[in-house]
Amino acid sequence: MDTDIEDPTDWPAEFAHLRETDQLLRCPICKEYLDTAMASANCGHTFCSLCVRRCLSQKTQCPMCHDQLTESDLQPSRLIDSLVKSFKQGRRQLLDTLTRNPQSPAPAQNGHRKRPRIQTRSSTRTAEGMLPTPQATSDRLAAADLSSDNELPAATDGEYLGSSPSSVQIIDDDDATLRGSSRRAKPTMVSCPSCGAKVRESTINSHLNRCLAGKTTEPDSKNFLRSRRTVPLSTGASRLPKPTKLAYKLLTESKLRKVLKELGIRATGDKHQMQARHSEWSPVSDRQLLKRLDVWESTASKPDATKTLATQRDVDRACSQICQHASTARRPVVASIPESPPSSQV
Amino acid sequence: MSMVPKRIMKEVERLTKDPVPGISAEPQEGNIRYFSVLMDGPDSSPYEGGHFRLELFLPEEYPMSPPKVRFLTKMYHPNIDKLGRICLDILKDKWSPALQIRTVLLSIQALLSAPNPDDPLANDVAEHWKSDEKAAIQTAREWTQKHAK
């Protein structure tokens, strides 16, 4: 599933509005569906919480319109979260139905889950229609987001925990309903994303709260339900280490190393590497997510001064080659493509 | 072997499935961060009819830092120097992670249509453009015929 790249162009060209909806529900930064959508209170542009925080740690500007933006200007956008969730749930089914019979869209059928991937692609390849530009898209997204501010969506599960007391109440009611139904049906077990323990689906939210708050003992579920009604959820979150912003330039290498060690982050490499690691950690700000930091390190940034220099040198060499060729050959272009591209470390 | 971020995979897939008209960008085999780009000169510009080659490299920090783009074809343009380097704000301080390969290439194509001699990279070309625009455009046309066919 992870290798399967989902994209707005999966939708047949004749369903341009679905393509657009798909595009609108995506984060302009990571191009994935919005994960914990956060909207700027100033300009209304919406991003994944993690994506926008990662950007703001580098530049306090909205990535879409370059307006001044700081983390305190960000507001959760729960309607978008709900929209994304339900759209994702129905996506495959709808896509199946549309690609199988594009002329007369039949009502969705169950039991046919696998998407005919190849067929989808061939039909989209012929598509001529251009998608809306990111700017226009996000403006519309922003508009949709602003109009949603007045209304809180009814949370259908515990996904909006920790947001506001009013939604906690809804969740509790819902939780109770789930509990009631699970007495009749066989309880579904799910594994906790944090500690990996098998937990009943109906209690996963409460378990997760405890897990993230660092409690190890499992209290009686009824007691916990009561305690959650009275204690605001934010107190649980405040036990986590608070993300601190560091003035890296003022820190010596050994001091930065000490800070990283105290946070439990790997403190190897030079100052530049540690700085990159810490700034990636800051928006994540959760010991439980250190694992994610490891993944990030293996995928994205390996700050390595020597590598960059090598790249620059390669480029310079290629440049001088072009200039030489340009004076002699009629078609210097083809010849001057470097044999080995800069930093081919894939 | 480092993994490739999903966003880059997505962009590559999208560029192949739904290419920008007049622009083709293909990652090089063995290095998905390095793209060979072929761009058609925009209509009703001195670069009309030309096919220009560029190289585009996505640094490790992408999308937090901009891609590095350079013309490989010789250009007569006030914002492109003889090494093919491009003077474009979104490739420097105006970069935003919400931009992508597609939008960068479209912006470069737009720069060909609208040279800006007031923010020059190639000073001699910009001077030429300011003093005698007609002659400068003629030279750009000749260079397109000569180098970008």
Side-chain angles (χ1 to χ4, degrees), chain A residues 2-3 5-9 27-32 45 47 51 54-55 58-59 61-66 121 124-125 127 130-131 133-135 138 276 295 298-304 307-308 311 315-316 318-320 322-323 326 330-334 336-338 341-346, chain B residues 1-14 16-21 27-36 38 51-55 57 59-65 68 70-74 81-85 93-100 102-103 106 146-149:
Chain A
D2 271 349
T3 52
I5 296 173
E6 289 186 339
D7 190 86
T9 49
C27 168
I29 298 170
C30 65
K31 320 289 178 202
E32 301 286 332
H45 290 123
F47 311 92
C51 291
R54 194 180 274 155
C55 294
Q58 297 197 353
K59 231 186 204 180
Q61 276 184 352
C62 169
M64 290 305 292
C65 61
H66 296 285
R121 283 190 190 199
T124 51
R125 194 168 289 135
M130 278 279 291
L131 275 159
T133 63
Q135 186 62 50
S138 70
V295 175
S298 72
T299 54
S301 300
K302 280 201 198 82
D304 190 338
K307 202 177 282 169
T308 335
T311 313
V315 171
D316 287 348
C319 286
S320 59
I322 295 167
C323 294
R330 187 172 154 73
R331 297 186 62 198
V333 171
V334 184
S336 62
I337 296 172
S343 67
S344 49
Q345 72 269 14
V346 175
Chain B
M1 166 130 173
S2 64
M3 269 166 60
V4 180
K6 201 173 172 192
R7 169 165 159 165
I8 296 184
M9 301 297 295
K10 255 191 152 72
E11 285 199 50
V12 172
E13 166 118 343
R14 175 84 192 279
T16 334
K17 249 163 74 171
D18 182 22
V20 193
Q28 206 154 75
E29 241 176 85
N31 188 355
I32 200 167
R33 289 176 178 273
Y34 184 88
F35 291 75
S36 306
L38 195 62
H51 306 287
F52 300 90
R53 284 195 164 271
L54 298 95
E55 62 175 7
F57 180 70
E60 289 283 355
E61 297 80 17
Y62 180 84
M64 289 302 148
S65 58
K68 298 183 193 307
R70 197 170 69 86
F71 271 95
L72 295 172
T73 308
K74 252 169 95 79
D81 73 0
K82 61 180 180 188
L83 295 182
R85 292 178 299 193
D93 55 317
K94 284 286 189 302
W95 170 255
S96 146
L99 295 168
Q100 48 180 327
R102 171 180 287 270
T103 46
L106 277 169
K146 199 173 156 197
H147 301 290
K149 270 292 151 191

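The chains referred to below are lettered A, B, ... by the order of the sequence lines, with proteins before strands, and numbering in each begins at 1.
Heavy-atom minimum distance, B/Ala98 versus A/Met64: CB-SD, 3.4 Å.
The closest side-chain heavy-atom distance from B/Lys6 to A/Lys31 is not below 4.5 Å. Side-chain contact between B/Ser96 and A/His66 is present, with at least one heavy-atom pair separated by less than 4.5 Å.
For the atom pair CG of A/Asp7 and CZ of B/Arg14, the computed distance is 5.5 Å after rounding to the nearest 0.5 Å. The distance from the CD atom of A/Gln58 to the CH2 atom of B/Trp95 is 12.0 Å, given to the nearest 0.5 Å. Considering SG of A/Cys51 and CE of B/Met64, their distance stands at 6.5 Å, rounded to 0.5 Å. Here A/Gln61 contributes atom CD and B/Asp93 contributes atom CG; the two are 9.0 Å apart, rounded to the nearest 0.5 Å. For the atom pair OG1 (A/Thr9) and CD (B/Glu13), the distance works out to 7.0 Å, reported to the nearest 0.5 Å.
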